[in-house]
Amino acid sequence: MQGDARVEYPVSAGGVVYRVGDAGVEVVICGHQKQSGWTWGLPKGTPDPGETLEETALREVREETGLQVHLEAPIDSIRYWFVRPDDGVRCHKTVHFYLMSPVGGALEDHDHEFDEVRWSSTEDSFQALTYQNEINIVEKAIAMVS
């Protein structure tokens, strides 16, 4: 029971990578397959020591998607609670998201963390993304682009 009283406040950063084509705005989503089905999300991760949130977002997006990106503007942050399974510590996490556009790289070069990384139409991303708070971030990103 000792671990139940501990609360930590981890921070991450990531991005909504977008492009505008004939079919409208598309965004990059990242998925991994579990026994229960696919989990889809946005690229994001934890800062390395000394890294700014912007640097973290750029690095994590590059690693997780294989794309080189340009950071355009902050979108918003999401916050959520979870319990870390290894030690039972309650965490109130904040994830900062940035609007990004691709300037190079290739989705095929994404890291091993995801089984599939792909461009997704706006509507498809709303259907595919697992968490509502990330759907809300994509909605805000699309509003910024439009």
Side-chain angles (χ1 to χ4, degrees), residues 6-34 36-146:
R6 289 191 30 224
V7 177
E8 292 182 7
Y9 299 89
V11 174
S12 291
V16 176
V17 182
Y18 79 94
R19 69 182 180 190
V20 180
D22 294 337
V25 179
E26 294 181 316
V27 298
V28 174
I29 60 174
C30 304
H32 51 89
Q33 194 168 19
K34 300 179 178 181
S36 59
W38 283 85
T39 299
W40 289 95
L42 297 171
K44 60 190 170 294
T46 306
D48 285 340
E51 233 177 14
T52 66
L53 291 172
E54 292 85 355
E55 290 167 339
T56 299
L58 287 167
R59 177 183 52 77
E60 286 289 341
V61 168
R62 182 182 67 250
E63 291 173 0
E64 293 186 352
T65 69
L67 297 175
Q68 299 289 332
V69 293
H70 169 73
L71 191 149
E72 295 187 6
I75 301 170
D76 202 353
S77 301
I78 59 174
R79 290 169 185 76
Y80 56 92
W81 287 94
F82 66 94
V83 176
R84 225 173 21 219
D86 55 335
D87 60 7
V89 171
R90 293 183 68 218
C91 296
H92 191 212
K93 187 169 191 171
T94 302
V95 185
H96 302 272
F97 284 100
Y98 297 87
L99 185 66
M100 299 176 168
S101 54
V103 294
L107 293 180
E108 298 76 37
D109 296 331
H110 70 85
D111 71 12
H112 64 279
E113 186 174 338
F114 294 102
D115 297 312
E116 184 179 344
V117 177
R118 63 180 164 94
W119 287 103
S120 177
S121 70
T122 303
E123 207 48 52
D124 179 56
S125 67
F126 294 157
Q127 297 298 317
L129 288 168
T130 302
Y131 302 106
Q132 183 62 48
N133 54 11
E134 290 193 356
I135 294 170
N136 297 345
I137 290 292
V138 171
E139 288 175 337
K140 290 177 183 182
I142 289 167
M144 292 170 72
V145 172
S146 300

Output for pair (Ser120 OG, Asp124 CG), nearest 0.5 Å, gives 3.5 Å

Between Gly31 and Phe114, the two heavy atoms sitting closest are O-CB, 3.4 Å

Can you tell me if Glu134 uses its side chain to pair, donor with acceptor, with the backbone of Leu42 under 3.5 Å?
yes

Nearest 0.5 angstrom please: Thr39 OG1 to Ile29 CD1, how far?
11.5 Å

Please work out which of the three classes, parallel, tilted or perpendicular, describes the rings of Trp38 and Trp40, given edges at 30° and 60°.
parallel

Does Tyr131 OH have over 12 foreign heavy atoms under 6.0 Å away?
no

When you check the gap from the basic side-chain N to the acidic O, do Arg84 and Glu8 get nearer than 4.0 Å?
yes

Can you tell if the side chain of Arg62 reaches within under 4.5 Å of the side chain of Gln68, non-hydrogen atoms only?
yes

Should the ring pair His92 and Tyr9 be called parallel, tilted or perpendicular, given that the plane angle runs from 0 to 90° and is split at 30 and 60?
perpendicular

Does a donor on one side chain sit under 3.5 Å from an acceptor on the other, for His110 and Thr65?
no

If you round to the nearest 0.5 Å, how far is CG of Asp76 from CG of Asn136?
9.0 Å

Distance-only, no hydrogens or angles: does the Asp115 side chain make a donor-acceptor pair with backbone N or O of Gln33 under 3.5 Å?
yes

CD1-CD1 distance between Ile142 and Ile137, expressed to the nearest 0.5 angstrom:
11.5 Å

Val69 vs Leu58 side-chain heavy atoms within contact, under 4.5 Å:
yes

So do the side chains of Glu60 and Lys44 get within less than 4.5 Å of each other, counting heavy atoms only?
no

Applying salt bridge (charged side-chain N to carboxylate O under 4.0 Å, His left out), can you list everything that pairs with Glu51, at least two apart in sequence or on another chain?
Arg59

Taking all non-hydrogen atoms of both residues into account, name the closest pair between Ser77 and Arg79 and its distance.
CB-NH1, 4.0 Å

Look at the side chain of Ser125 and the backbone N and O of Thr122, then say whether any donor-acceptor pair between them is shorter than 3.5 Å.
yes

Could you tell me whether the side chain of Phe97 reaches within less than 4.5 Å of the side chain of Pro43, counting heavy atoms only?
no

Roughly how far, to the nearest 0.5 Å, is the CD atom of Glu64 from the CG atom of Leu107?
12.5 Å

Are the side chains of Trp119 and Val27 in contact, using a 4.5 Å heavy-atom criterion?
no

Is there side-chain contact between Val145 and Val20, with heavy atoms separated by less than 4.5 Å?
yes

Check Met144 against Pro74 and note the closest heavy-atom contact, atom names and distance.
CE-O, 3.4 Å

Less than 3.5 Å apart, which donor and acceptor atoms pair up between the side chains of residues 11-18 and the rest of the protein, not counting sequence neighbours?
residue	atom	partner	partner atom	Å
Ser12	OG	Gly45	O	3.4
Ser12	OG	Lys93	NZ	3.1
Tyr18	OH	Glu72	OE1	3.0
Tyr18	OH	Glu72	OE2	3.0

Output for pair (Thr56 OG1, Tyr98 OH), nearest 0.5 Å, gives 8.5 Å

What I'd like to find out is whether the side chain of Val28 reaches to under 4.5 Å of the side chain of Arg118, using heavy atoms alone.
no

Could you check whether atom CG of Asp86 has more than 12 heavy atoms from other residues, nucleotides or ligands sitting under 6.0 Å from it?
yes

